[in-house]
Amino acid sequence: MGYSTTTKMAAPCRTFFVCASRVPTDLSGVNLAVGKCLFSQHSTRRIRLTARFANARSIASFRKLESSLNSREPRNVVKNYWEDEESSQDRLLKQVIPLWRSRVPYESQLKWKYHEAAHALKILARKLSAVCPPESPVLRQAEENGGMCCPLEPTKPSPITEGYRNKSSFSINKGLDGNEKTVGLFAGRGRRYNIICVPADRCINMPEAHLQVARLYQQYIRSSPLPACILFHEGGNWREITIRTNMVGDKMVIITFFPGQLSQEDMDVEKSKLVEFFIHGPGKVCNITSLYFQASEKTRSSHLEAPFQLLHGEPYIYETCLGRQFRISPEAFFQTNTLGAEVLYQTIADISGVTADTTLLDICCGTGTIGIVLANSVKKVIGVEVASQAVEDANVNAVLNAVDNAEFLCGKAETVLPRLVPELQNTPEVVAVVDPARKGLNPKVTGAIRNCPSLNRLVYVSCKPRGETMRNFIELCGPPTDKVPGAPFVPVRAVPIDMFPHTRHIELVVLFERQQGHTV
């Protein structure tokens with residue numbers, strides 16, 4: 001008897017896989033043809049043995065092969081793959097803060113990130129040279145800037161390099177000791193039997209306040225009779241914990257719980273126990289400002305899908321950034337590094353060239369932070385955001401800061417922006433700021449930007465310059481087409497900002513200006 005799992009087979013391999021699971025499958029009478037893929041338990045090494053299994057034309061020969069391999073390799077994957085606590089911590093640090101783990105001095109990290117940004121700009125220059133005419137200013141700028149499509153300034157450092165995260169999420173899974181109620185971060189190769197949950201105590205990018213909550217939460221769930229939920233179909237209840245903090249020390253804790261077969265009464269009892277533990281019991285030392293509970297049947301659920309239930313304290317915490325105050329709700333987006341965000345927003349203000357006559361178009365505005373920070377410097381702010389909760393937060397933030405020249409629209413940017421373009425036709429000066437997710441902007445958005453004649457300057461904030469952002473840059477700077485007749489933009493200035501010290505991540509702020517001599 002072998003073991004089957006739910007499988008998603010690669011296109012060239014149209015047969016089923018055999019690996020470790022709890023669902024037994026009778027393989028009697030199965031004839032395995034040559035060239036078929038069949039994997040056994042602990043597929044990390046067994047992938048290399050596919051050919052041997054492929055030659056097993058009968059279930060008897062398959063069992064013989066499986067038996068010989070098992071006797072030769074009777075290992076506990078967790079125990080052998082993670083030799084000890086030190087090696088598991090080391091592997092986690094390689095994933096979370098690899099530059100710190102490699103003992104790279106911070107000044108050298110900034111230089112390394114500068115070269116990463118420079119490499120992205122060189123790639124963009126090469127890609128644009130393949131589609132732009134020889135007289136394009138991008139090609140001239142590449143010759144003047146060492147192959148980069150525009151000048152690149154030195155990397156701006158983060159004002160704080162340790163404990164800078166204002167939001168941390170911790171998972172629950174099997175730890176080094178085999179306890180499935182271990183609270184930490186995943187380390188491993190992404191396969192179920194090679195993943196382990198490692199406490200994040202040595203991750204210096206997380207503040208001690210977050211780690212303290214995680215440790216006490218682990219203490220609580222290990223004393224609970226309810227099991228951890230590792231996989232939804234296997235049941236269990238404890239899923240995840242998220243901690244959000246601000247500069248003055250307020251803490252918002254969100255506990256994600258898989259209800260499974262529990263009744264509402266059972267969950268109410270558990271919520272009462274959580275309040276007792278964190279507000280009156282051992283967890284009291286955490287000084288939690290807001291304690292939330294979310295009963296979710298998915299890995300990620302919005303407030304509309306699974307409401308965040310306030311168990312104790314204030315419904316919101318507030319953060320101050322560049323003299324502006326912002327409301328933080330459980331799912332509100334706010335830059336993870338608050339002091340780094342101040343550097344980012346000040347950079348956007350400096351290079352955008354906005355004036356008192358400017359209409360600022362804040363695309364993917366989130367909770368309105370960029371628009372509200374710049375509101376006093378412009379005539380009007382128009383924000384566009386797809387998440388309704390974020391738009392609600394943006395409107396509240398505008399009121400908090402007495403901003404009366406901002407309007408926030410809810411909807412997909414690719415739907416809202418084309419409708420806005422006719423309204424902006426006669427606006428004397430439009431400057432756009434876009435800060436999209438890693439997947440970048442929809443091509444309809446870049447097309448609408450190109451086709452807005454009064455929009456002559458654009459600030460693009462990219463969190464992954466060599467990812468989908470590259471496609472957006474080419475759409476903005478490429479020659480006019482039938483679908484996008486608008487005049488192209490030209491990158492004129494780029495500034496890398498280190499928002500995540502000790503990691504390989506970088507924010508790249510690029511200023512684009514409409515190419516002179518073209519008309520929309």
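Since we're looking at a predicted model, the values are computed, not measured. What you see below is based on every heavy atom in this structure, not just the backbone, and it leaves out hydrogens, waters and symmetry mates.
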* Under 3.5 Å, is there a donor-acceptor pair linking the side chains of Thr161 and Ser158? -> no
* Could you verify whether a donor N or O on one side chain and an acceptor N or O on the other, from Asn395 and Glu392, lie under 3.5 Å apart? => no
* Asked: What residue pairs, at least two apart or across chains, pass side chain to side chain donor-acceptor pair (under 3.5 Å) with a residue in residues 409-428?
  -> none
* For the residue pair Phe232 and Phe258, categorise the inter-ring angle as parallel (less than 30°), tilted (30 to 60°) or perpendicular (more than 60°). => tilted
* Where do Asn166 and Thr338 land on the side chain to side chain donor-acceptor pair (under 3.5 Å) test, with the steps shown first? -> CA-CA 7 Å; Asn166 56 38; Thr338 302; 2.8 Å; yes
* Asked: Below 4.0 angstrom, N of the basic side chain to O of the carboxylate: do Lys464 and Glu468 qualify?
  -> no
* Asked: Would the Phe257 and Phe293 ring centres measure less than 6.0 Å apart?
  -> yes
* Verify, without hydrogens or angle tests, whether Ser296 (side chain) and Lys298 (backbone) share a donor-acceptor contact under 3.5 angstrom. => yes
* Would you call Arg215 and Asp201 a salt bridge, using N to O less than 4.0 angstrom? -> yes
* Asked: Is the shortest distance from a Lys or Arg side-chain nitrogen in Arg140 or Glu135 to a carboxylate oxygen in the other one below 4.0 Å?
  -> no
* Salt bridge or not for Arg471 and Glu475, using N-O below 4.0 Å? -> yes
* Is any side-chain heavy atom of Leu121 less than 4.5 Å from a side-chain heavy atom of Leu508? -> yes
* Taking Glu513 for its side chain and Arg457 for its backbone only, find out whether a donor-acceptor pair lies under 3.5 Å. => no
* Looking only at heavy atoms, which two atoms of Pro157 and Leu110 are closest? And how far apart? -> CB-CD1, 3.7 Å
* Minimum side-chain heavy-atom gap Leu344-Met499 below 4.5 Å -> yes
* Asked: Checking side chain to side chain contact (heavy atoms under 4.5 Å, CB included) for the pair Leu339/Met247: CA distance, chi angles, key distance, verdict?
  -> CA-CA 9 Å; Leu339 294 179; Met247 296 295 291; 3.9 Å; yes
* To do: Using distance alone, with no hydrogens and no angle criterion, decide if Ser329 and Asp393 have a side-chain donor and acceptor under 3.5 Å apart.
  => yes
* Asked: Ignoring hydrogens and geometry, is there a side-chain-to-backbone donor-acceptor pair from Tyr217 to Ile255 under 3.5 Å?
  -> no
* Short question: side chain of Lys113, backbone of His505 - any donor-acceptor pair under 3.5 Å? -> yes
* Would you check if there is a donor-acceptor pair between the side chains of Thr347 and Lys156 at a distance under 3.5 Å? => yes
* Structure fact -> Output for pair (Gln346 CD, Leu374 CG), nearest 0.5 Å, gives 8.5 Å
* Is the backbone N or O of Glu314 less than 3.5 Å from a side-chain atom of Ser290, with the two atoms forming a donor-acceptor pair by type? -> yes
* **Closest non-hydrogen atom pair between Ile363 and Ala432, with its separation** => CD1-CB, 4.4 Å
* Considering non-hydrogen atoms only, spot the tightest contact between Met470 and Pro465 and give its length. => CE-O, 3.5 Å
* **Rounded distance (nearest 0.5 Å) linking atom CD1 of Ile497 with atom CD of Glu153** => 9.5 Å
* NZ of Lys271: more than 12 outside heavy atoms within 6.0 angstrom? -> yes
* Over all heavy atoms of both residues, which pair between Pro199 and Leu92 is shortest? Give the atoms and the distance, please. => O-CD2, 3.7 Å
* Asked: Between Ile474 and Leu124, what is the shortest heavy-atom contact and its length?
  -> CG1-CD1, 4.0 Å
* Give the intermediate values and the outcome of side chain to side chain contact (heavy atoms under 4.5 Å, CB included) for residues Glu331 and Gln389. => CA-CA 8 Å; Glu331 63 179 347; Gln389 181 62 49; 3.7 Å; yes
* Sidechain-backbone polar pair: Arg514 side chain, Arg450 backbone, donor-acceptor under 3.5 Å -> yes
* Asked: Any donor and acceptor pair, going by atom type alone, linking the side chain of Arg324 with main-chain N or O of Asn401 inside 3.5 Å?
  -> yes
* Under 3.5 Å side-chain donor-acceptor pair for Tyr318 and Asn246 -> no
* I would like to know whether Met206 and Leu185 meet side chain to side chain contact (heavy atoms under 4.5 Å, CB included); could you show each step before the answer? => CA-CA 12 Å; Met206 296 180 178; Leu185 303 178; 3.6 Å; yes
* Structure fact -> Tightest non-hydrogen contact, residues Ala187 and Val198, listed as CB-CG2, 4.1 Å
* Asked: Just wondering, do Leu420 and Val384 contact through their side chains at under 4.5 Å, heavy atoms?
  -> yes
* Does the Arg504 side chain pair with the main chain of Pro98, one donor and one acceptor, at a distance under 3.5 Å? -> no
* Is there a donor-acceptor pair closer than 3.5 Å between any side-chain N or O of Tyr164 and the backbone N or O of Gly340? -> no
* Classify the ring geometry between Phe473 and Phe512 as parallel (under 30°), tilted (30 to 60°) or perpendicular (over 60°). => tilted
* In sequence, state the C-alpha distance, the side-chain angles, and the governing distance for Asn337 and Asp498, and then conclude on side chain to side chain contact (heavy atoms under 4.5 Å, CB included). => CA-CA 10 Å; Asn337 181 346; Asp498 186 18; over 6 Å; no
* Are the side chain of Glu319 and the backbone of Phe326 linked by a donor-acceptor contact shorter than 3.5 Å? -> no
